[in-house]
Amino acid sequence: MSEQKQKGITRETLKFVFKTAWKERPSVFLVYLMKFISEFASKMQNAIMAKLIIDELVLMITGAEFAQHLANAAIFAGLYIVIQLLTGVLGSAATQLESVHQEWFSEYVDIQLADRTMKMDFEHTEDPEALDALEKAQEGMSWYSGGIVGVLGAVFGLVNNAAALLGVSLIILFTCPWLLPVQIAALVVITILNAKNNKIDRDSFLELAKSNRVFGYVFWQLADFKLGKDIRLYDSADMMCGKAQHFSDEQIGIWRSTMRKQRKNSWGMDAVNALRDGISYFYIGFMAVTKAITVGDFSMCVSAAGTLYWSLYGIVSGVQTVSQKCAYAHRYIEFLRFPAAMVKGTKPVKPGEHTIEFRHVSFKYPRSEKLVLRDINLTIKSGEHLSIVGLNGAGKTTFIKLLCRLYDVTEGEILVDGVNIKEYPEEEYRRLFSVVFQDFQLFAFSLRENIAFGEQADDKELERVLKLAGLWEDAQKLPNGLDTMLYKSFDENGTDLSGGQRQRLAMARVLLHDTPIYLFDEATSNVDAESENDIMAAIHSLAGKKTVILISHRLANVVDSDCIYVLDKGCIVEQGKHADLLAAQGAYSRLYTAQKQLETLGKEDA
């Protein structure tokens with residue numbers, strides 16, 4: 001990275017950090033004011049008060065008026081204790097408050113990151129580049145930079161060291177001026193070596209990002225109780241642990257390589273520090289022996305020399321630290337503005353009935369050369385019930401994803417009311433749909449929250465949709481009714497639902513959201529015959545009122561559809577009503593006949 005680019009990143013990050021801190025939690029600046037007062041007063045009194053006390057004691061020993069100098073020494077000692085106590089209390093309070101702000105900003109950053117992640121184009125959730133960017137943002141704004149408080153702390157550390165440098169420089173200039181070039185010369189060498197180590201750290205951070213993401217995935221899979229059955233039944237714990245160990249070893253290897261690369265630089269810094277201390281003490285000691293300075297001055301110069309060097313070092317290394325922390329934290333800023341995968345329109349969706357048209361639509365997933373859908377042409381009028389059937393991998397779920405605009409088509413266009421869906425605002429367009437995906441998710445919230453899912457709904461409305469979905473009687477039997485928590489993640493009295501109950505709950509969620517178009521992707525894939533009948537009855541209850549698109553592996557569920565489309569290898573090979581497709585003796589007829597024969601054999605075996 002060029003120096004100019006790094007400076008630009010540092011400026012942008014600092015602007016973001018200070019603006020965010022001032023807007024969200026300005027009290028953090030008061031915390032750093034407290035730390036500044038505490039640290040500056042402590043450093044200055046360590047240099048000055050010791051000199052005053054020692055000089056008074058030396059005067060007492062050398063025959064000066066004992067009572068007067070004893071009283072002076074006692075006053076100085078008392079002041080030292082009081083100042084030390086006050087700076088200690090102030091510094092301790094500031095440290096505690098800094099920790100509170102650190103936690104608050106950490107949660108704030110996590111929330112902002114989660115919000116950005118949820119609002120990103122869906123395509124990015126399956127994009128390794130976006131996932132790596134997310135990992136870098138999470139780690140860059142936490143472990144590596146310390147987050148907003150970590151960057152602020154580094155900046156105010158610079159301010160504290162600059163103030164201390166100014167104070168002790170005045171002391172040294174009037175007592176032992178040759179200490180300045182000694183400290184500066186040592187600092188120049190150490191700065192160069194430290195800069196090399198910082199560069200090695202940054203390079204390691206980029207190398208670790210992907211490894212950390214994969215390790216985190218495997219680690220959390222191992223810790224997920226929901227996956228316990230699969231891991232145990234297939235005796236795959238060793239395999240999973242082996243993967244976790246592999247990526248753990250990979251990370252350790254990177255860190256080991258980092259430390260090996262930094263070793264010579266670190267040894268060089270230790271050697272320079274030792275030489276600096278030797279020269280400094282010899283010079284100050286020589287001045288004291290030759291009586292160029294008093295014994296108190298000797299003590300003050302020793303303290304000031306140490307403070308001078310570490311203040312200088314703190315400034316130079318602090319600049320590097322700020323730059324480094326900003327480089328890490330900037331990954332968070334980059335993620336917040338991660339480029340959109342889709343163009344968002346502004347044309348409002350008109351109210352009322354809607355006609356959907358797929359016009360020569362073909363699609364392949366990003367980073368793939370294989371077309372999943374090929375030249376799809378169909379029109380769905382408002383209120384129609386359309387079904388899509390076909391073997392696994394035919395492209396049925398992809399059809400739903402394109403219609404919901406989770407992905408954009410590769411070729412052709414999708415029109416709603418004659419308008420390309422790219423021209424509509426994303427959020428407004430998606431309000432047209434209620435969807436049950438095959439891999440729908442339930443959350444460790446209450447039953448009520450899992451159904452409402454952001455909607456405002458009273459108990460009567462929830463009862464209506466639960467009855468339609470065939471889940472009302474089961475809901476009444478739960479210990480806390482609609483307020484029963486799902487799963488035991490946060491409530492030991494939480495309940496686990498069966499596969500059929502889960503799918504009925506998903507159906508209730510969809511029915512509650514009153515939208516013009518309903519999409520059902522294998523809505524009965526994990527239920528028994530009775531549950532299937534209840535769910536299909538709920539779907540059929542929408543007839544004549546809503547547009548319904550149904551994907552089902554069971555052709556018995558689609559016989560009443562206004563039109564059935566048969567997909568094979570991404571192409572529409574047949575379309576029409578059930579009776580017409582049976583009469584055509586094509587792919588649909590073969591699938592339907594095969595399923596009927598299997599059902600008949602199943603009944604005979606029973």
Side-chain angles (χ1 to χ4, degrees), residues 118 122 125 226-227 385-389 392 396-401 403-404 406 430-457 459 461-478 480-489 494-543 545-554 556-558:
M118 288 187 289
F122 180 81
T125 66
K226 296 177 185 177
L227 304 177
H385 282 216
L386 173 147
S387 294
I388 300 174
V389 300
N392 289 338
K396 303 185 297 295
T397 297
T398 300
F399 177 91
I400 298 295
K401 289 181 178 179
L403 180 56
C404 294
L406 297 179
R430 287 183 180 153
R431 291 195 193 102
L432 295 175
F433 306 99
S434 291
V435 190
V436 176
F437 283 108
Q438 188 173 1
D439 56 349
F440 67 87
Q441 296 295 318
L442 301 181
F443 299 87
F445 305 149
S446 68
L447 184 67
R448 179 192 306 277
E449 291 169 320
N450 269 283
I451 299 170
F453 218 53
E455 289 285 313
Q456 297 295 323
D459 287 354
E461 186 64 12
L462 293 173
E463 178 181 348
R464 180 186 70 81
V465 296
L466 283 168
K467 285 181 176 178
L468 282 172
L471 193 61
W472 176 243
E473 291 184 4
D474 291 342
Q476 288 183 303
K477 296 175 184 177
L478 295 174
N480 295 315
L482 295 175
D483 294 313
T484 300
M485 294 292 291
L486 298 192
Y487 310 122
K488 300 183 185 297
S489 304
T495 187
D496 288 320
L497 302 181
S498 68
Q501 289 173 323
R502 284 167 48 83
Q503 227 150 4
R504 292 184 187 202
L505 194 155
M507 178 61 63
R509 177 192 290 172
V510 165
L511 295 173
L512 180 67
H513 291 68
D514 186 24
T515 60
I517 304 165
Y518 286 81
L519 310 174
F520 301 99
D521 184 5
E522 299 289 8
T524 62
S525 58
N526 295 311
V527 299
D528 54 34
E530 182 180 353
S531 296
E532 184 174 30
N533 290 335
D534 290 337
I535 291 174
M536 291 310 302
I539 292 175
H540 291 318
S541 71
L542 300 171
K545 308 172 188 175
K546 305 289 184 180
T547 302
V548 175
I549 300 173
L550 174 65
I551 290 175
S552 178
H553 68 286
R554 278 183 44 80
N557 292 332
V558 307

**Q.** Non-hydrogen atoms of Val389 and Ser552 that approach each other most closely
**A.** CG1-O, 3.8 Å

Q | pair Val436-Arg509: side-chain heavy atoms closer than 4.5 Å | A | no

Q) Rounded to the nearest 0.5 Å, how far does OG of Ser446 lie from CG of Leu486? A) 7.5 Å

Q) Does any non-hydrogen side-chain atom of Leu482 lie less than 4.5 Å from one of Glu463? A) no

Q) Taking Glu522 for the side chain and His553 for the main chain, is one N or O donor matched with an acceptor at less than 3.5 Å? A) yes

Q: Measure the shortest side-chain to side-chain distance between Phe443 and Glu449 over non-hydrogen atoms and say whether it is less than 4.5 angstrom.
A: no

(Q) Regarding Glu473 and Lys477, does a basic nitrogen lie under 4.0 Å from an acidic carboxylate oxygen? (A) no

Q) Are any non-hydrogen side-chain atoms of Val435 and Arg430 less than 4.5 angstrom apart? A) no

Q | Distance in Å, Gln438 CD paired with Ile400 CD1, rounded so as to fall on 0.5 Å steps | A | 11.0 Å

Q: Find the distance between CG (Leu505) and CD1 (Ile451) and round it off to the nearest 0.5 Å.
A: 5.0 Å

Q: Measure the shortest side-chain to side-chain distance between Glu461 and Leu512 over non-hydrogen atoms and say whether it is less than 4.5 angstrom.
A: yes

Q.
Within the 4.5 Å heavy-atom criterion, are Thr515 and Phe433 side-chain neighbours or not?
A. no

Q. When rounded to the nearest 0.5 angstrom, what distance separates CG in Asp439 from CG in Asp521?
A. 8.0 Å

**Q.** Closest approach of His385 to Ile539 (non-hydrogen atoms, all atoms of both residues)
**A.** CE1-O, 3.9 Å

**Q.** Any side-chain heavy-atom pair of Val510 and Phe440 under 4.5 Å
**A.** no

Q.
Is it the case that atom CG in Asn392 sees more than 12 heavy atoms from other parts of the structure closer than 6.0 Å?
A. no

Q | Ala508 to Leu466 - nearest heavy-atom pair and separation | A | CB-CD2, 4.1 Å

Q: Mind listing the closest non-hydrogen atom pair of Asn450 and Phe445 along with its distance?
A: ND2-O, 3.4 Å

Q | Point-to-point distance, once rounded to the nearest 0.5 Å, from CE of Met507 to CZ of Phe520 | A | 4.5 Å

Q: Please step through side chain to side chain contact (heavy atoms under 4.5 Å, CB included) for the pair Asp514 and Lys546, ending with a clear verdict.
A: CA-CA 9 Å; Asp514 186 24; Lys546 305 289 184 180; 2.5 Å; yes

Q) Quick one: CG on Leu462 to CG on Leu447, what's the gap to the nearest 0.5 Å? A) 8.5 Å

Q: Identify the heavy atoms of Leu511 and Ala469 that sit nearest to each other, and give their distance.
A: CD1-N, 4.4 Å

Q. Less than 4.5 Å apart, any side-chain heavy atom of Leu550 and any of Leu386?
A. no

Q | Minimum heavy-atom distance Ile549-Phe399, with the two atoms named | A | CG2-CE2, 4.4 Å

